[in-house]
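Note sheet for the following structure.
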Amino acid sequence: MTLDLTTVPLQGYLALAAVLFCTGVWGLINSRNAVRVLMSIELMLNAVNINLMAFSSYLDGQLIRGQVFAIFVITVAAAEAAVGLAILLSLYRNRETVDMERFNLLRW
Amino acid sequence: MTIASSTQFICFIALSAAVAIGALGVVLLPNIVYSAFLLGGVFLSVAGLYLLLNASFVAAAQVLVYVGAVNVLILFAIMLVNKKENLAAIPGLALRRVLSGAVCAGLFALLLRVAFSTPWATPGPEPLGDEATIRIGEHLFSDYLLPFELASVLLLMAMIGAIVLARRDVFTTDIATGEPADQGLIEKSRTPLLLENSGPANAGLEAPLLETNP
């Protein structure tokens with residue numbers, strides 16, 4: 001593979017998606033604010049979407065099935081955000097906190 | 001490709017830097033309001049990447065759904081739950097951060113190795129330009145018709161579920177007498193936010209507010 005610096009290779013998009021996904025995983029593990037956990041999940045979903053769109057454009061240019069998948073992922077992410085934030089509001093009403101370390105009702 | 005490849009490369013570099021730095025800011029910034037606005041920036045940059053990938057419809061959907069709906073929803077949630085609280089210290093927090101950072105770095109290395117060692121079948125077929133939206137519509141109404149309809153059912157379920165979860169507790173029986181309440185929408189008495197010394201706190205919110213106003 002010759003290294004051509006004027007066109008973006010597929011691997012560039014894959015590497016960017018890997019960066020985004022790993023940042024999201026780290027934030028998911030280490031956040032103590034529940035809203036930030038939801039934001040990290042959105043970051044990970046966006047990383048998956050970048051992968052899908054890159055494959056759709058580079059490998060499947062005529063039948064763009066990756067773009068259709070990305071639209072479905074966006075739909076599910078919107079539903080997930082709505083339900084997740086509703087759960088968060090309900091938790092906040094019951095426990096008066098958003099600290100993830102104190103949501104330990106079902107934890108051994 | 002409609003724009004020159006060097007321009008495309010420069011746009012890719014700039015958008016990638018915005019996405020990576022924005023994602024790090026979302027995760028690392030102590031103030032969560034800044035994190036939410038940076039998240040909107042990340043979503044917009046990802047939409048720009050979609051434009052680079054010849055996917056204008058998905059870029060528009062990304063801007064509408066993520067920036068317009070999800071990010072605004074997150075901002076509203078922050079406004080509703082943003083109370084200053086002193087988080088209790090956890091023993092071994094720094095060690096946990098370092099360990100999870102090492103795990104994420106390992107995952108990143110694995111993903112990079114897969115991405116750079118797999119012989120991708122590039123160049124694939126010539127990508128569609130502006131006809132991508134037409135092709136998406138054909139997909140959605142022919143071979144992806146069932147997922148499309150299921151997505152509408154999912155959105156309805158999510159909407160009803162969010163309303164049920166986020167509303168206040170509902171008493172189906174009267175607390176004092178134990179009889180079933182005649183209508184199920186009696187709310188718990190609200191926390192008085194504006195009224196300090198205006199009569200009974202449980203007797204409705206609007207009437208004392210009007211009376212105490214000079």
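Residue numbering restarts at 1 for every chain, and letters A, B, ... go by the order of the sequence lines.
Rounded to the nearest 0.5 Å, atoms OG (A:Ser90) and CG (B:Leu165) are 6.0 Å apart.
Taking B:Ile10, B:Val26, B:Leu111, B:Thr118 one by one and counting their heavy-atom pairs under 4.5 Å with chain A, the maximum is reached by B:Val26. The candidate from B:Ser16, B:Ala77, B:Gly161 with the greatest count of non-hydrogen atom pairs under 4.5 Å with chain A is B:Ser16. Contact count versus chain B (heavy atoms, under 4.5 Å) is highest, among A:Asn33, A:Leu14, A:Val83, A:Leu16, for A:Leu16. Here B:Ile32 is the residue among B:Leu49, B:Ile32, B:Val114, B:Leu93 with the most heavy-atom pairs under 4.5 Å with chain A. When each of A:Gly24, A:Ala18, A:Gly27 is scored by its heavy-atom pairs under 4.5 Å with chain B, the top score falls to A:Ala18. Most heavy-atom pairs under 4.5 Å with chain A, from the set B:Val65, B:Leu112, B:Leu73: that is B:Leu73. Of the residues considered (A:Ile74, A:Val68, A:Asn46, A:Asp99), A:Asn46 shows the highest number of contacts with chain B, using heavy-atom pairs under 4.5 Å. Listed options A:Val25, A:Ile29, A:Leu28, A:Leu43 were ranked by heavy-atom pairs under 4.5 angstrom with chain B; first place goes to A:Leu43. Counting heavy-atom pairs closer than 4.5 Å to chain A, the top-ranked of the candidates B:Ala69, B:Ala105, B:Ala20, B:Ala55 is B:Ala55.
With a 4.5 Å cut-off on non-hydrogen atoms, A:Tyr13 touches chain B through its backbone and its side chain both. When heavy atoms are compared at a cutoff of 4.5 Å, B:Leu107 approaches chain A by way of both its backbone and its side chain. The contact between B:Ala132 and chain A is made by backbone and side chain atoms together, counting heavy-atom distances below 4.5 Å. B:Phe12 touches chain A through its side chain: at least one heavy atom from C-beta onward sits under 4.5 Å away, while N, CA, C and O do not. In this structure, the portions of A:Thr97 lying under 4.5 Å from any heavy atom of chain B include both its backbone and its side chain. Within the 4.5 angstrom heavy-atom criterion, atoms from both the backbone and the side chain of B:Val81 approach chain A. For B:Gln62, the parts lying near chain A are the backbone and the side chain together; criterion is any non-hydrogen pair under 4.5 Å. For A:Ile50, the parts lying under 4.5 angstrom from a heavy atom of chain B are both the backbone and the side chain. Of the atoms belonging to B:Pro30, it is backbone heavy atoms, and not side-chain ones, that fall under 4.5 Å from chain A. Only the side chain of B:Leu39 comes within contact range of chain A, with heavy atoms under 4.5 Å apart. Proximity to chain B is limited to the side chain of A:Tyr92, based on heavy atoms less than 4.5 angstrom apart. Looking at B:Phe76, neither its backbone nor its side chain comes within 4.5 Å of chain A, counting heavy atoms on both sides. In this structure, chain A has heavy atoms under 4.5 Å from both the backbone and the side chain of B:Val19.
Among the candidates A:Leu88, A:Val35, A:Leu89, the single residue satisfying the side chain to side chain contact (heavy atoms under 4.5 Å, CB included) test with B:Leu80 is A:Leu89.
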Discussion item. Assess the residue pair B:Phe57 and A:Ile64 against the criterion (side-chain contact (heavy atoms from CB on, under 4.5 Å)); give the C-alpha distance rounded to whole Å, side-chain angles, the decisive distance to 0.1 Å, and a yes or no.
Written reply: CA-CA 12 Å; B:Phe57 179 75; A:Ile64 37 173; over 6 Å; no
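A pairwise comparison of heavy atoms in B:Val27 and A:Arg36 identifies O-NH1, 3.6 Å as the closest pair.
For the residue pair B:Asn71 / A:Glu42, no side-chain donor-acceptor distance below 3.5 Å is found, with atom types taken as modelled.
Among residues two or more places apart in sequence or in another chain, the salt bridge (charged side-chain N to carboxylate O under 4.0 Å, His left out) test is passed with B:Arg96 by A:Glu101.
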Do any side-chain atoms of residues 142-155 of chain B form donor-acceptor pairs under 3.5 angstrom with protein atoms, and if so which ones, sequence neighbours left out?
unit_1, atom_1, unit_2, atom_2, d
B:Ser142, OG, B:Glu138, O, 2.6
B:Asp143, OD1, B:His139, ND1, 3.2
B:Asp143, OD2, B:His139, ND1, 3.4
B:Ser152, OG, B:Glu149, O, 2.4

